[in-house]
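Nothing fancy with the numbering, it's 1 onward along the sequence. Every heavy atom of this structure was used, including side-chain atoms; hydrogens, water molecules and symmetry mates were not.
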Amino acid sequence: MLHNPKAQKTARLTILLYVAVLATLLATTFYPAPVEGVSIPLVLAVKLLPLLAFAVPVFRGHNRGYIWMAFVIIFYFTQAVVTAWLSEGDIGPVILTVLTFLLFTVAMVHLKVNRPVAG
């Protein structure tokens, strides 16, 4: 539930970043080339399923779902930073690092501005 106009803006931005993170995870599975000898559906399931579990809370703007998504996105951020470091700045992991950082930050801002009004 969205409690004010600022929350509507942060919710839209969170949705945009959420979709961008999912798209980047999908793209980095196939770019520059899929890992040989590994099941692509398995790789996609491991990459996407933990985040896809938060699709409904993100699209509906539920605060509790945002909180749990923020915990999970920290793991994606950590993995992206390590991969970016080990690949010496390959574009895919760097983009994923920036997107996960922004998703976490905007989700936290959303939680701050979407507080229920005490009545």
Side-chain angles (χ1 to χ4, degrees):
M1 177 185 297
L2 302 176
H3 296 288
N4 62 51
K6 282 185 183 179
Q8 293 174 347
K9 291 178 186 176
T10 57
R12 278 190 232 118
L13 188 53
T14 302
I15 291 169
L16 176 71
L17 289 166
Y18 176 78
V19 171
V21 166
L22 290 174
T24 304
L25 287 168
L26 182 65
T28 57
T29 303
F30 299 103
Y31 176 81
V35 178
E36 288 186 33
V38 177
S39 168
I40 297 295
L42 178 63
V43 170
L44 288 173
V46 169
K47 281 184 160 185
L48 299 177
L49 285 179
L51 273 185
L52 286 174
F54 300 102
V56 172
V58 167
F59 283 98
R60 289 190 180 166
H62 292 165
N63 285 355
R64 193 170 285 158
Y66 273 53
I67 293 166
W68 283 106
M69 182 198 60
F71 283 124
V72 171
I73 205 70
I74 290 170
F75 293 109
Y76 285 88
F77 173 77
T78 304
Q79 185 272 334
V81 168
V82 169
T83 305
W85 178 269
L86 293 176
S87 69
E88 298 178 355
D90 191 24
I91 192 70
V94 170
I95 290 171
L96 191 57
T97 299
V98 171
L99 288 174
T100 53
F101 171 75
L102 290 173
L103 178 57
F104 178 84
T105 304
V106 171
M108 293 299 102
V109 170
H110 175 77
L111 290 168
K112 174 78 172 169
V113 300
N114 195 38
R115 290 182 178 168
V117 178

Heavy atoms, side chains only, cut-off 4.5 Å: are Leu102 and Val98 in contact?
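Yes, at least one pair of side-chain atoms sits under 4.5 Å.
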Check [X] against [Y] and note the closest heavy-atom contact, atom names and distance.
X: Thr28; Y: Gly92; result: CG2-CA, 4.0 Å
X: Phe54; Y: Tyr18; result: C-OH, 3.7 Å
X: Leu99; Y: Leu17; result: CD2-CD2, 4.0 Å
X: Pro57; Y: Gly65; result: CB-CA, 3.5 Å
X: Val46; Y: Tyr76; result: O-OH, 4.2 Å
X: Asn114; Y: Gly61; result: ND2-O, 4.0 Å

Do other residues, nucleotides or ligands put more than 12 heavy atoms under 6.0 Å from the [atom1] atom of [X]?
X: Phe30; atom1: CZ; value: yes
X: Lys47; atom1: NZ; value: yes
X: Phe59; atom1: CZ; value: yes

Does the pair Met69 and Leu103 meet the rule for a side-chain contact (heavy atoms from CB on, under 4.5 Å), with working shown?
CA-CA 9 Å; Met69 182 198 60; Leu103 178 57; 4.0 Å; yes
About how many Å separate [atom2] of [Y] and [atom1] of [X], when rounded to the nearest 0.5 Å?
X: Met108; Y: Thr10; atom1: CE; atom2: OG1; result: 11.0 Å
X: Leu22; Y: Leu48; atom1: CG; atom2: CG; result: 6.0 Å
X: Ile73; Y: Thr78; atom1: CD1; atom2: OG1; result: 10.0 Å

